[in-house]
Every structure is written in C-alpha cells, then in structure tokens.
Peer 1: 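My questions all concern the structure below.
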Amino acid sequence: MQQELFIYNTLSRSKEKFEPITKGMVGLYVCGPTVYSDVHLGNCRTFISFDLIYRYLLHLGFKVRYVRNVTDAGHLEGDRDEGDDKFAKKAKLEQLEPMEIVQKYTVGFRDVMREFNALPPSIEPTATGHICEQIEMIKEIIEKGYAYEVNGTVYFDVEKYNKEFSYGQLTNRKLEELLEGTRELSGQDEKRGRLDFALWIQAKPETLMKWPSPWGWGFPGWHIECSAMSSKYLGETFDIHGGGMDLQATHHTNEIAQSQACNHKAPVNYWMHTNMLTVNGVRMSKSAGNGFLPGELFTGDHPLLEKGYSPMSVRFFMMQTHYRSTLDFSNEALQASEKGYARLMNAVKTLESLKTASTSTSNITELKQKCYEAMNDDFNAPILVANLFEGARIINSVNDGKETITVDDLQLLKTIMHDFVFDVLGLKAENANAAHDKALQGVMEVILEIRKEAKAKKDFATSDKLRDELAKNKITIKDTKDGVNWSIEE
RNA sequence: GGUCCUGUGGCCGAGCGGUUAGGCAGAGCUCUGCAAAAGCUCGUACAGCGGUUCAAAUCCGCUCGGGACCUCCA
C-alpha cells in the first residue's frame, strides 16, 4: 500500500509529490509557541494539524525528526525593533523572573498538548538555549554582506539580498509591492531599508534578558532563532517546514532570506501552512479578544461556550476540516462533533464483539484503499473521517446481522479502524472518569428521589433498604435538615 | 490602497469538469413492552448574472457578500 504522498507546497502553490531528501527519512520543523502567556485554541489547532501530519508520516514508516521550537526570548512587542521583550514585559507585570514566565507557560503548553493527545516532538529547542548558534549565523550573514550593524543592533539588508535572491517568493510578491505597504523611514531610524529587520537587538539598561555578543549586550531578533535551530538539527536544507499561515508573509519569508543569505541554498523543500481558527467568522486572536483557552473550552467556563467539550471531541472536530481551510467555531458544530465522535468510538468498541461468516458483504480492501488515498492527498482528514464512518456503518450492520464479514476481512477492518482512528487521527478513548462521575451523580439522584418518595409514604422498609444496600456498596447517605448528602467511602 | 483566499442543503464541512462525500439536526420505516441504540429511506444544496463545454458547484468574466496578510499573534 505504498502509494505516493502529495503535499501542498506554499512555494509552488500546488500539490507536489513528496520526495524526501534521504529515502525513508523526514526532517520536519514547525514554528512553536511563544511562551509568554497561555496558548489559546487557535495555536492548538496548528499544532494538532501538524500532529496529524507527523503521525501519518510515522504511520507510513518514515523515520521523522520533528523539531518544534519554543520561543522564549527575542520576540518583540510591535515591530519597532525597540521596546520591551515580551517576556520581560510580562515578567514585570507578574513580578516574576523572565525565565519563571517561560517555565510556567512552557509547562502549561505541554499539558494542553498532552490533553489533546499530541505526540511530543523529537526535539523542542529553545531560543535561549541557542544564543551561540544565532550569533554565529548572524556573523556569517554579515560576512556574506547581507547584514550591517548600527549602534549594537544588526539589521538584515533586504534590498541587497533581493538583488541576488527573491525576497518575496513565499507570498509571491515583488519587493516593490512590499515596499509600498511599509511606512517611510524617519530620520531617527537606524535601518537603511524600510523592509530591513533586526537580527540582533542592542540591550537597553533595563533589558532583563540579554547576552554578550560581538556587537555588545543584546538579544536575538525573532526570525533568526528558527533559521539557526532548524539548520542545526535538520541541516541546511531539509524536507518540511510548517507553521500557521500568519507566519508566512513575515516570519517565514525572513527565515528563507536568512538561511539563503548564509548558505546560498533554499533551506526548505516543502513549506506547509495551516489555516486559522475563527470564531463567528473572525480570526481567533489575542488582540481580537475572542480567543479562549483550552481549559475554558474543556470546562465550558466562557461566555461564548454553552457547555464544556472534551479534548477528544475538540480534536475530532478539528479533524473534520482540512488543515488548509479556516475552521469556524460554534457550539452547534462542536456538539455535532461530540456526537459523531461518540458514534465512531462506539463502533470501534463494537468491532471487538463481531461475529464472522463465510462471506463478506462489504469490500473492506477498498475501504482501506480509500483511507490511504484520502491521507495521501495532502492529508485530507475530512475524507478519511467520512471513510471511517463508512467503516462504522459496516460494523453496526454486521452487528445487527444485516451484513456479514469474513474472519480475514474482520481482521483487516480492525487494523484499518485502529490504525486510522488511534494512530493517525490521534483519537483515544476518553478518560471515562468524568463521564462515570456524571453518570453516578445521576444514578444517585434517581435513587434518592425514590427513597424520598418512599419516606413520604412512610414506606420505611424501602427507604431503609436503599440506604443499607448503598452502604454495602460503600456509599453513605446522611439525612440532614437541608436535604440528603451522600458520599463514597475511600 | 496592495497581495491573496473564500461564499456548498437547517448547522458544520469535503469535493474543484461527468459519479451518493461525511457528521449533526429533522421526517418516515424496521427493530423494540416503552424508550434508547442501530440499520434503511428522504430533502435533491452549491451567492447572483453571463460565458466556455456534449457536460460546471467545479473553468472564465462581471456583480454582491465574508475573511486573511501587508503591524505582535499558530
């Protein structure tokens, strides 16, 4: 079943056959979070999308080195090449050391990813852990003549670079067009060109996070970390670089420029961009104020949410939309996914108790084929899901005795369902505790209501029996003047 | 202003030249003590107007919506 995998490449704006640099191996780099606040759901969507991609590559048998960085320094507020570092700013607000901020939100981010059942990357390098590499790279860019220093700050010379390379290739734009969209340089600007961006930024006296460099104390610009770390772990040219679409125009464009200036070759063969998550048609973002945290989503504790949704039903919700499409968020859509997810998981459970027959009424091999075709076509998870529902239909029909299946086909069906539902889509049976607790609560309410009615009718035989039988099951009932309490003995 | 993306049945969302996407909701039927679950059947959707074609949701043009990026964000 080794068909060809096709990937939509932002560089060419088309689906291309995927051919790794080294047979059987894939180098994958994804721009990770900036850990200066809680991740919101929009961030999660990107990482869950790439988790699907990572999982499918693994499923196909590739040895994948998946690098996802953690930006813990150098990400400025505003593109003024000045101002406070995000971490330092937040640190002042929270009265914490910058690295306390980093630690706090890094841990939070990993917890959330675990809840969504996202596999950890092979390497999660941090910007602060690779200051030397970044400095070395900046030095090299200066040596090659594509950067210049002004008062301890180093800028990338975009116009010079553009003379030999193509700066706007990722967004298919010409330099002149890009220039039109930028403001004029004022007399106070240190930059030579309007599009020039900082590689290294001079520290101010109050800057908390700073390192020594050939240009004095300072800190790295945002874009250089990804170039430095991706080339360190994946080589000067690697297979796939991914990230959210919002990074395409600036961050990734600058990454290409940095690496190309340094090595004189394209750093990445396939650029992949995931689309945004919207709420009521508007992009979820920090500035729009319509972003909610994963925790709020799980508990339902947010004005936009009617109720809580489990991590797996949210993950399933995301899997029903292609990664390159925007995904609009609504309670109705989420509830639909919740039910669909339950139906799929029920079918997988039913699979274990199916009876076999001498013939099959469904073509399981064809189903398998369709599943692979869907995923090989640029990771089309929605179509995969549709095929899995066809599998669910078959399972239920066999279970009802309306269809039959052979031993071999049943085995194949089990393989398909398990491989794709668990390994590829990354779904898992929900931790049953929450559901059980809720169910138990309901059961107890029913029992206590019956007991209350019995007591009202002075049917104490029944009421006492209920209390005694529950006690035998380690559930204690206490009548108080405010009503009935119950608890479970530990 | 510039560069793009997009408009699919009640909702979400695939498809992107000829074939039932799928899920949720709704209606009917089967099953069933009742209910649920499950299965079957059903709405015959592609913003509007033109054009290309034997054939268009799918290609082209125009009109009208929605959104993204160009400024920190996955």
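Lettering follows sequence order; numbering is per chain, from 1. Below, all heavy atoms of this structure are taken into account, side chains as well, without hydrogens, waters or symmetry copies. Since we're looking at a predicted model, the values are computed, not measured.
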Peer 1: Give Gly32(A) one of three labels, base, sugar-phosphate or nothing, depending on what nucleic acid heavy atoms sit under 4.0 Å from its own.
Peer 2: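 Contact class for Gly32(A): sugar-phosphate only.
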
Peer 1: Return yes if some donor-acceptor pair links the side-chain N/O of Lys191(A) with the main-chain N/O of Asp196(A) below 3.5 Å, else return no.
Peer 2: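 Present.
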
Peer 1: Give every pair of a protein N or O atom and an N or O atom of nucleotides 30-37 of chain B that lie under 3.5 Å apart, one pair per line with the distance.
Peer 2:
none

Peer 1: If you measure from the C1' atom in G9(B) to the same atom in C42(B), how many Å do you get, rounded?
Peer 2: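 These two C1' atoms come out 13 Å apart once rounded.
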
Peer 1: Which residues pass the salt bridge (Lys or Arg N to Asp or Glu O under 4.0 Å) test with Glu100(A), sequence neighbours left out?
Peer 2: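 Partners of Glu100(A) under the salt bridge (Lys or Arg N to Asp or Glu O under 4.0 Å) test: none.
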
Peer 1: Roughly how many Å is it from CZ in Phe116(A) to P in A74(B), rounded to a whole number?
Peer 2: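 Whole-Å distance recorded here is 16 Å.
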
Peer 1: Partners of Asn363(A) by side-chain contact (heavy atoms from CB on, under 4.5 Å), sequence neighbours excluded?
Peer 2: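 For Asn363(A) the side-chain contact (heavy atoms from CB on, under 4.5 Å) partners, ignoring immediate neighbours, are Thr365(A), Glu366(A).
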
Peer 1: Identify whether any heavy atom of Leu277(A) sits under 4.0 Å from a base atom; if not, whether one sits that close to sugar-phosphate; answer base, sugar-phosphate or nothing.
Peer 2: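 Since a base atom lies under 4.0 Å of Leu277(A), the category is base.
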
Peer 1: Centre-to-centre under 6.0 Å for Phe165(A) and Tyr161(A), is that the case here?
Peer 2: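 Between Tyr161(A) and Phe165(A), which both carry aromatic rings, the centre distance is below 6.0 Å.
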
Peer 1: Give me the distance, rounded to whole Å, that separates G26(B) from A35(B) when you measure between the P atoms they each carry.
Peer 2: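 Comparing P positions in G26(B) and A35(B) gives a spacing of 16 Å.
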
Peer 1: Where the side chain of Asn43(A) is concerned, which of G13(B), A74(B), C70(B) is the nearest nucleotide?
Peer 2: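 Looking only at side-chain atoms, Asn43(A) lies closest to A74(B).
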
Peer 1: How does protein contact run along nucleotides 15-26 of chain B, one letter per nucleotide 5' to 3', with B for base contact, S for sugar-phosphate only, - for none, heavy atoms under 4.0 Å?
Peer 2: S-----BSBSS-

Peer 1: Quick one: label Thr274(A) by what it contacts on the DNA or RNA (base, sugar-phosphate, nothing), any heavy atom closer than 4.0 Å.
Peer 2: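 The answer is nothing, as Thr274(A) stays clear of every strand by at least 4.0 Å.
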
Peer 1: Given the C1' atoms of U53(B) and C59(B), what is the spacing between them in whole Å?
Peer 2: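 Those two atoms are separated by 10 Å.
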
Peer 1: What's the gap between G28(B) and A14(B) when it is taken at their P atoms, as a whole Å value?
Peer 2: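 These two P atoms come out 31 Å apart once rounded.
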
Peer 1: Rounding to a whole Å, what distance do you find between Asn331(A):CG and C12(B):P?
Peer 2: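 It works out to 13 Å between those atoms.
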
Peer 1: Quick check for you: to the nearest 0.5 Å, what is the distance between Gln169(A) atom CD and Lys174(A) atom NZ?
Peer 2: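 Nearest 0.5 Å value for the CD-NZ distance: 13.5 Å.
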
Peer 1: Look at atom CD of Glu97(A) and say whether more than 12 heavy atoms of other residues, nucleotides or ligands are closer to it than 6.0 Å.
Peer 2: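 No - once you tally the heavy atoms of other residues, nucleotides and ligands closer than 6.0 Å, there are 12 at most.
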
Peer 1: Knowing that exactly one of Trp271(A), Tyr270(A), Tyr66(A) qualifies, which makes a ring-ring contact (aromatic ring centres under 6.0 Å, His included) with His241(A)?
Peer 2: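 Among the candidates, only Trp271(A) passes.
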
Peer 1: Is there a side chain to side chain contact (heavy atoms under 4.5 Å, CB included) between Thr106(A) and Asp72(A)? Walk through the geometry before answering.
Peer 2: CA-CA 9 Å; Thr106(A) 300; Asp72(A) 60 350; 5.9 Å; no

Peer 1: Nearest whole Å is fine: how far is C4(B) C1' from Met276(A) CE?
Peer 2: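 Going from CE in Met276(A) over to C1' in C4(B) covers 14 Å.
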
Peer 1: Looking at residues at least two apart in the chain, or sitting in another chain, which of them share a ring pair (Phe, Tyr, Trp, His ring centres under 6.0 Å) with His251(A)?
Peer 2: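 Result, ring pair (Phe, Tyr, Trp, His ring centres under 6.0 Å) vs His251(A): Trp222(A), His223(A).
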
Peer 1: Using the salt bridge (Lys or Arg N to Asp or Glu O under 4.0 Å) criterion, which residues pair with Glu403(A)? Sequence neighbours excluded.
Peer 2: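 Arg393(A).
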
Peer 1: Would you say G39(B) has OP1 or OP2 under 4.0 Å from some side-chain N or O of Asn396(A)?
Peer 2: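 Answer is yes, contact under 4.0 Å.
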
Peer 1: Nearest-Å distance, CG (Leu247(A)) to P (U71(B))?
Peer 2: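 Taking CG of Leu247(A) and P of U71(B), I get 14 Å after rounding.
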
Peer 1: Using atom P in both nucleotides, what's the gap between C11(B) and C62(B) to the nearest angstrom?
Peer 2: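 It works out to 29 Å between them.
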
Peer 1: With pairs defined as Watson-Crick or G-U wobble and both distances under 3.5 angstrom, please note down RNA chain B as a dot-bracket string, | for pairing with another strand.
Peer 2: (((((((..(((.....[...))).(((((.......)))))....(((((..]....))))))))))))....

Peer 1: I'd like to know whether Arg192(A) forms a salt bridge (charged side-chain N to carboxylate O under 4.0 Å, His left out) with Glu159(A), so could you lay out the CA-CA distance, the side-chain angles of the two residues, the decisive distance to 0.1 Å, and finally the verdict.
Peer 2: CA-CA 9 Å; Arg192(A) 289 180 199 160; Glu159(A) 284 176 63; over 6 Å; no

Peer 1: How long is the line joining CZ of Phe379(A) and P of A14(B), in whole Å?
Peer 2: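 Those two atoms, CZ and P, are 17 Å apart.
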
Peer 1: What residue pairs, at least two apart or across chains, pass salt bridge (charged side-chain N to carboxylate O under 4.0 Å, His left out) with a residue in residues 245-258 of chain A?
Peer 2: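 Checked against salt bridge (charged side-chain N to carboxylate O under 4.0 Å, His left out) - neighbours excluded - the pairs reaching residues 245-258 of chain A are Asp246(A)-Arg283(A).
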
Peer 1: Atom CE of Met375(A) to atom C1' of A14(B): distance rounded to whole Å?
Peer 2: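 For the pair Met375(A) CE and A14(B) C1', the rounded distance is 14 Å.
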
Peer 1: On a whole-Å scale, what distance lies between the C1' atoms belonging to G1(B) and C54(B)?
Peer 2: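 So the two C1' atoms sit 45 Å from each other.
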
Peer 1: Would you indicate whether Lys307(A), at its atom NZ, is surrounded by more than 12 heavy atoms from other residues, nucleotides or ligands within a distance under 6.0 Å?
Peer 2: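 More than 12 heavy atoms, drawn from other residues, nucleotides or ligands, come within 6.0 Å of this atom.
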
Peer 1: May I have the distance from Asp328(A) (atom CG) to G65(B) (atom P), rounded to whole angstrom?
Peer 2: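 Distance check: Asp328(A) CG to G65(B) P gives 20 Å.
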
Peer 1: Let me know, please, whether Ile394(A) or Tyr323(A) comes out on the 5' side of the other along RNA chain B by nearest nucleotide.
Peer 2: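 By nearest-heavy-atom nucleotide position, the 5'-most residue is Tyr323(A).
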
Peer 1: Quick one: what's the B/S/- string for nucleotides 41-47 of chain B, heavy-atom cutoff under 4.0 Å, read 5' to 3'?
Peer 2: -------

Peer 1: What is the distance, rounded to the nearest whole Å, between atom CG of Leu175(A) and atom C1' of G2(B)?
Peer 2: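 For the pair Leu175(A) CG and G2(B) C1', the rounded distance is 14 Å.
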
Peer 1: With a non-hydrogen cut-off below 4.0 angstrom, is Gly243(A) in contact with a base, only sugar-phosphate, or nothing?
Peer 2: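 Sugar-phosphate contact only.
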
Peer 1: When you compare G48(B) with U8(B), how far apart are their P atoms, in angstrom units rounded to a whole number?
Peer 2: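 Result for the P pair: 10 Å, nearest Å.
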
Peer 1: List the residues meeting ring pair (Phe, Tyr, Trp, His ring centres under 6.0 Å) with Tyr309(A), not counting sequence neighbours, and say none if there are none.
Peer 2: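 Tyr309(A) satisfies ring pair (Phe, Tyr, Trp, His ring centres under 6.0 Å) with no residue once adjacent residues are dropped.
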
Peer 1: Quote, to the nearest angstrom, the P distance that separates G66(B) from A47(B).
Peer 2: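 Approximately 16 Å lies between the P atom of G66(B) and that of A47(B).
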
Peer 1: Which residues satisfy the side chain to side chain donor-acceptor pair (under 3.5 Å) test with Thr321(A), sequence neighbours excluded?
Peer 2: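 Checked Thr321(A) against side chain to side chain donor-acceptor pair (under 3.5 Å); zero matches.
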
Peer 1: Under the rule for side chain to side chain donor-acceptor pair (under 3.5 Å), what residues qualify as partners of Tyr341(A), not counting sequence neighbours?
Peer 2: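 With sequence neighbours excluded, Tyr341(A) shows a side chain to side chain donor-acceptor pair (under 3.5 Å) to no residue whatsoever.
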
